[in-house]
Number of protein chains: 2
Amino acid sequence: MPAQFQTVQPVRAYQRVVEQVEEAVLTGALKPGERLPSERELMAQFGVSRSTVREALRVLESGGMVRSRPGDPHGPLVLPYSPAGLEKSMSRLAHLDQLSLAELLQFRMMVEGGAYLLAARLRTDAQLAEMRGALDAMERAVDRGPTAFSEADLAFHDTVARMSGNMLIIICSQVVHGVVLDMIAGKLQKAPDPRAVMAETLDHHQQALAAVRAGNGQLAADLARAKLYEYYADHLSSEERTALKWLVDGR
Amino acid sequence: MPAQFQTVQPVRAYQRVVEQVEEAVLTGALKPGERLPSERELMAQFGVSRSTVREALRVLESGGMVRSRPGDPHGPLVLPYSPAGLEKSMSRLAHLDQLSLAELLQFRMMVEGGAYLLAARLRTDAQLAEMRGALDAMERAVDRGPTAFSEADLAFHDTVARMSGNMLIIICSQVVHGVVLDMIAGKLQKAPDPRAVMAETLDHHQQALAAVRAGNGQLAADLARAKLYEYYADHLSSEERTALKWLVDGR
DNA sequence: AGTAATTTGTACGTATGTATC
DNA sequence: TGATACATACGTACAAATTAC
């Protein structure tokens, strides 16, 4: 085996501190709710200066792994895992990478389709009741305007995503839905008849709920994709529309 | 409208610096390849101490947004987007047992299915040739062992993902594939007959390529899901197997 | 090629507000 | 309430690294 050397970049002191703490959390040596030593003690344990310790703590803090408060004698708190980091990464991707609305909708079709497919199998009475409740909330929101309706709609889809039992679907659903709303912001209010649009959406969601209740995930997924297409098709170029239709028909 | 106050937590100085730089990058005011002012200039512009500037830079650096080198008179470099952060978040999720292999495979079925569906429509001769090339590379890798074969397999799937023309699919495909490999690292070498497994995988990929060439994305997607199921079913509990099968059949 | 200037990496000290006991 | 320990933020200093002349 030939020597296959790789380029190395200098490892900063703060990075080694971060790595050690991350390792401890990942291996379970440090559990959520437990405390890190105080900054002064950390500088002794790691043999680095206060600045280095603080830079490491800031990185861990921004990553959602610990939280340190001024004056807290117990030291930085180890936080339970939160998907906030994942969400932020995905939002950045969506905003940065010249992601087109068509790409987002394609992805959302895949995610929502999968969510319905799983939700229709895993459904419990409590979850169906939650869907029903979300639907009722949407109905009540019709009179409070498109913004409130949009929020209620998002809650409905979040419920379905959670019913799938798949963390990745839950997170992607939240993120993608949010980004799509960002991209379309304002364009929906310009609809000639907002109430008609909302009524139609409501009707579609009722059909989807019925399909999930009946255990027909395939139908619910098909409905969701078709609805997404007709709802957003106006905002797409003809090429984008064609590509999106492939996913609707092709499943 | 009643006063609806919310709890607020103190915003650290470094956070405001981070936010402003992130905003500049997100809005395109600061493009990859450009430079941030030096630390000393940043402390003047933001009106904070050098420690604060450095803490902010460390956070941005750990997020993969900038890179600063000692002695560089041009200041920190703004980096292009990289999915490294996404991958790290997802890996963490997986390692902390918040994410099961079954969830990852469900997600991968959705992503790969969508990729094939789109690839079969958008296919160009050059892309089909690239798939063919990736397949040939896999064939050559059979003799170099499971690790080399696995790498070639990853390249094949990456090609399909890129053919979809959807950045989200490309990134998710890379990330999820990588995490799955991490989770079952080593378990595949223990197969009684590695060559048989590789041959079977090769055969399946050839079928998928034929389906894409024929423009039958539905068939390619079905093949991919079925293959994923039989390939990883052994590593799942019976409940997880059942849930995974729902996605295979349901589509 | 070598030197000087600038920048980052790290360390240390200090003042101030804060949370806990 | 007071005492103590803590985090926050600022400032200074010096070594190491890089670039530019």
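Bear in mind the structure is a predicted one, so any value in this text is a computation, not a measurement. Residue numbers start from 1 in every chain, and the chains themselves are labelled A, B, ... in the order their sequence lines are given, proteins ahead of strands.
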A:Met43 CE to C:dG9 P: how many Å, rounded? 19 Å
Protein-nucleotide distance (A:Leu77, atom CG; D:dC6, atom C1'), rounded to Å: 15 Å
Is any side-chain heavy atom of B:Leu79 closer than 4.5 Å to a side-chain heavy atom of B:Met65? no
Closest-nucleotide ordering on DNA chain C, the 5'-leading residue of A:Val11 and A:Arg40: A:Val11
C:dC21 phosphate, OP1 or OP2: any side-chain N/O from A:His74 under 4.0 angstrom? yes
Does a side-chain N or O from A:Arg50 land closer than 4.0 Å to OP1 or OP2 of D:dT8, or not? no
Taking OP1 and OP2 of D:dC10, is either one under 4.0 Å from a side-chain nitrogen or oxygen of B:Arg54? no
Just call it for A:Thr52: base, sugar-phosphate, or nothing, with non-hydrogen atoms closer than 4.0 Å on any strand. sugar-phosphate
Heavy atoms only, 4.0 Å cut-off, all strands: where does B:Arg12 land among base, sugar-phosphate and nothing? sugar-phosphate
Nearest to the A:Ser38 side chain among D:dC6, D:dA17, D:dT8, which nucleotide is it? D:dC6
Short side-chain N/O contact to C:dT10 OP1/OP2 from A:Ser49, under 4.0 Å: no
Measure CD/A:Glu55 against C1'/C:dA11 and give the value in whole Å, please. 11 Å
Value in whole Å for how far the P atom of C:dT7 lies from CG of B:Asp72: 10 Å
Looking at every strand, decide which applies to B:Ser51 at a 4.0 Å heavy-atom threshold: base, sugar-phosphate, or nothing. base
Nearest-Å distance, CG (B:Leu36) to P (C:dT6)? 21 Å
Just N and O in the side chain of A:Arg16: are any of them under 4.0 Å from OP1 or OP2 of C:dT10? no
Can you tell me if B:Ser100 and B:Glu103 form a side-chain donor-acceptor pair at under 3.5 Å? yes
Would you kindly give the CD-to-P distance between B:Glu41 and C:dT6, to the nearest whole Å? 13 Å
Answer yes or no: is there an ion pair linking A:Asp136 with A:Arg132, defined by an N-O contact shorter than 4.0 Å? yes
Short side-chain N/O contact from A:Arg69 to OP1 or OP2 of C:dT20, under 4.0 Å: yes
Using a heavy-atom cut-off of 4.0 Å across all strands, would you classify B:Arg67 as base, sugar-phosphate, or nothing? nothing
Assess whether a salt bridge exists between B:Glu87 and B:Arg92, defined as any Lys/Arg side-chain N lying under 4.0 Å from an Asp/Glu carboxylate O. no
Distance in angstrom units between B:Arg35 CZ and C:dT7 P, rounded: 13 Å
To the nearest Å, how far apart are B:Gln15 CD and D:dA7 C1'? 14 Å
Any salt bridge between A:Glu61 and A:Arg67, counting N to O under 4.0 Å? no
